[in-house]
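Keep in mind that what you see is a predicted model, and the values were worked out from it rather than measured. Below, chains carry the letters A, B, ... as their sequence lines are ordered, and counting in each starts from 1.
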2 protein chains.
Amino acid sequence: MLVYIAGSGAMGCRFGYQISKTDNEVILLDNWDAHIQAIKAEGLIITGDVEDKVKLPIMKPSQATKEADLIILFTKAMQLPQMLKDIQGIIGQETKVLCLLNGLGHEEVIRQYIAEHNILMGVTVWTAGLKGPGHAHLQGVGALNLQSIDPENKEAGHQVVDMLNQAKLFASYDENVLPNIWRKACVNGTMNSTCALLDCTIGELFASQDGVKMVEEIIHEFVTVGKAEGVELKEEEITKYVMDTSVKAAHHYPSMHQDLVQNHRLTEIDYLNGAVNSKGQKLGIDTPYCRLITQLIHAKENILNIK
Amino acid sequence: MLVYIAGSGAMGCRFGYQISKTDNEVILLDNWDAHIQAIKAEGLIITGDVEDKVKLPIMKPSQATKEADLIILFTKAMQLPQMLKDIQGIIGQETKVLCLLNGLGHEEVIRQYIAEHNILMGVTVWTAGLKGPGHAHLQGVGALNLQSIDPENKEAGHQVVDMLNQAKLFASYDENVLPNIWRKACVNGTMNSTCALLDCTIGELFASQDGVKMVEEIIHEFVTVGKAEGVELKEEEITKYVMDTSVKAAHHYPSMHQDLVQNHRLTEIDYLNGAVNSKGQKLGIDTPYCRLITQLIHAKENILNIK
């Protein structure tokens, strides 16, 4: 297979690196000049559980021309539409597109550019970090679930699962991936936005009764809206999952904290709490916690002059 | 009159200083040792619109023994019950007690210690700052409104108004002071808590649409709960007042920002947004914005290890 990684940040580099160790061909796409230059000059440097350096082709999305067998979408949420526009030249009749972005609402965007029978929606618990341009730091083990959104086209999904498992990415075909996508969005929507607002670790958030209470109300809004959309969600199970995650990740600052507080970058809030509020409004369900958190994060972006 | 200032922070010093220029007697009460020592040693130093230094008696609340004609309550909200316990020795049958604290819910606390016919509730737009122990910085002009909560006892309120006007404090007897108390609480509940959370000036908060939208929802909750309690509030008028204040005070960090962010002190959130949420719960009115803001502020107090 010819596999493009559309958005080669930390996670894109992990997937690109691991797939490059199989007999498939990988091309990284990204828009960060320093990252592209570093990988062209030195190769992609890997540290963490393994130390390695690999030559991998990398280019800007609009420069790619060879038709893809698979494109793995790994952009930041707000960069997705532009990425899909930029890669039109590599999308053929049978090009599969796997979305592994965080958050909600991406399927609707992808459908504007990709035929339904080629779309695969997925969710992963793999993690990765970037130490600098061209340098990915990879620790721990993860997994991913994916599903063809066209029920007639499961076969395409299974082929991608097999390829990802050659790359030791521990992929499974999931007959109902949406609840898993929502569950991860709910973890992000409870911890990322609040820790970014409060400038704290996940453990510090959950250390107070007030922190836990607001998390519970946010979960309730996610579950209520998700269920109204037909997604099978169990509030008790998701609450337990969030609480378990908060213990395991207690010492971490979530990614939105890194974006907003540490690096003064735009956040993905519109695809987490903001998405729940928008969906809620369409469904006639009030989600004041998600709405206020979205407003607070946007107000903070404005205060920090992030555009 | 013998007037005690119960809580001689910045505002208490302003009132104590101005009253000391009349033929009434003033005694300051406070619990901050360095402040007490400085005023005992050097007198109260005044800078700002005037430069002055005055000898004023100051002591801990529990050390006061001479029966008061008037006690002006100027503590932080959470210090009020302890102050009322500590000054029981100076409260006689006819001692009037004027509450000028920020926030909501103080009348219920005061009623536990003071007979109704002696209670005066008020609200002031005077401001003041403390430059350090024993040093108040006073700029600008203000006013205050007050009312006897016992309608049979207006006369007591008018006497206090006259005394305060001798001290050039521009006091008025108000036949309906509650809407003014709520209006000020609403200003504080919209700007103080949000600017403390977002670490920004009032102008920075109001500079974004998201900031303005959340302010509007908070005002709506204050007005809905206040009206349900029988307070005459007009949402449009209060919104205009809040917006006007945001322009005048654009460059200021509100007092809760000073407490939480600058000095890591407990905030008065339970007497602002928290009070609206508690009252709302009793009345069966949901106030999610006030509740989430209260939870966020308490979570932040916990993260900063403020006790």
Side-chain angles (χ1 to χ4, degrees), chain A residues 190-191 193-218 220-221 224 246 250 253 257 260-261 264 266-267 269-270 273-274 277 280-281 285-307, chain B residues 190-191 193-218 220-221 224 246 250 253 257 260-261 264 266-267 269-270 273-274 277 280-281 285-307:
Chain A
T190 48
M191 301 175 189
S193 39
T194 45
C195 289
L197 274 175
L198 295 171
D199 187 9
C200 69
T201 63
I202 293 166
E204 287 173 325
L205 171 68
F206 282 78
S208 69
Q209 266 201 341
D210 288 283
V212 172
K213 274 188 204 160
M214 74 179 103
V215 162
E216 286 169 349
E217 295 217 39
I218 297 167
H220 183 70
E221 291 183 354
T224 306
S246 78
Y253 289 99
H257 184 279
L260 186 70
V261 181
H264 292 196
L266 278 179
T267 71
I269 193 71
D270 286 337
N273 307 75
N277 186 54
Q281 276 175 342
I285 298 167
D286 194 24
T287 55
Y289 269 57
C290 283
R291 185 166 65 254
L292 175 52
I293 284 171
T294 305
Q295 289 166 340
L296 284 165
I297 293 281
H298 281 318
K300 186 71 184 184
E301 289 170 344
N302 189 268
I303 289 159
L304 295 172
N305 208 17
I306 306 173
K307 302 233 154 90
Chain B
T190 48
M191 301 175 188
S193 39
T194 46
C195 288
L197 274 175
L198 296 171
D199 187 9
C200 69
T201 62
I202 293 167
E204 287 173 327
L205 171 69
F206 281 77
S208 69
Q209 266 202 340
D210 288 283
V212 172
K213 274 188 206 160
M214 74 178 104
V215 162
E216 287 169 350
E217 295 217 38
I218 296 167
H220 182 71
E221 291 183 355
T224 307
S246 79
Y253 289 99
H257 184 280
L260 186 69
V261 181
H264 292 194
L266 279 179
T267 70
I269 193 71
D270 285 338
N273 307 75
N277 186 53
Q281 276 175 343
I285 298 167
D286 194 24
T287 56
Y289 269 56
C290 283
R291 184 166 65 254
L292 174 53
I293 284 171
T294 305
Q295 289 165 339
L296 283 164
I297 293 281
H298 281 317
K300 186 72 185 181
E301 289 170 346
N302 189 268
I303 289 159
L304 295 172
N305 209 17
I306 306 172
K307 304 238 153 89

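Here A/D199 pairs with nothing under the salt bridge (Lys or Arg N to Asp or Glu O under 4.0 Å) rule; sequence neighbours left out.
A heavy-atom distance below 4.5 Å is not found between the side chains of A/L260 and A/I269. You'll find the side chain of B/I297 stays beyond 4.5 Å of the side chain of B/N273, heavy atoms only. Between B/C200 and B/H257, the closest side-chain pair of non-hydrogen atoms is not below 4.5 Å.
Within residues 300-307 of chain B, the residues having any heavy atom closer than 4.5 Å to a heavy atom of chain A are B/K300, B/N302, B/I303, listed by residue number.
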Only pairs under 3.5 Å count here: list side-chain donor-acceptor contacts from residues 204-212 of chain B, not counting sequence neighbours, and write none if there are none.
residue : atom : partner : partner atom : Å
B/E204  : OE1  : B/T201  : N            : 2.9
B/E204  : OE1  : B/T201  : OG1          : 3.4
B/S208  : OG   : B/G211  : N            : 3.1

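Annotation: salt bridge (charged side-chain N to carboxylate O under 4.0 Å, His left out) contacts involving residues 287-298 of chain A, sequence neighbours excluded, comprise A/D286-A/R291, A/R291-B/E217.
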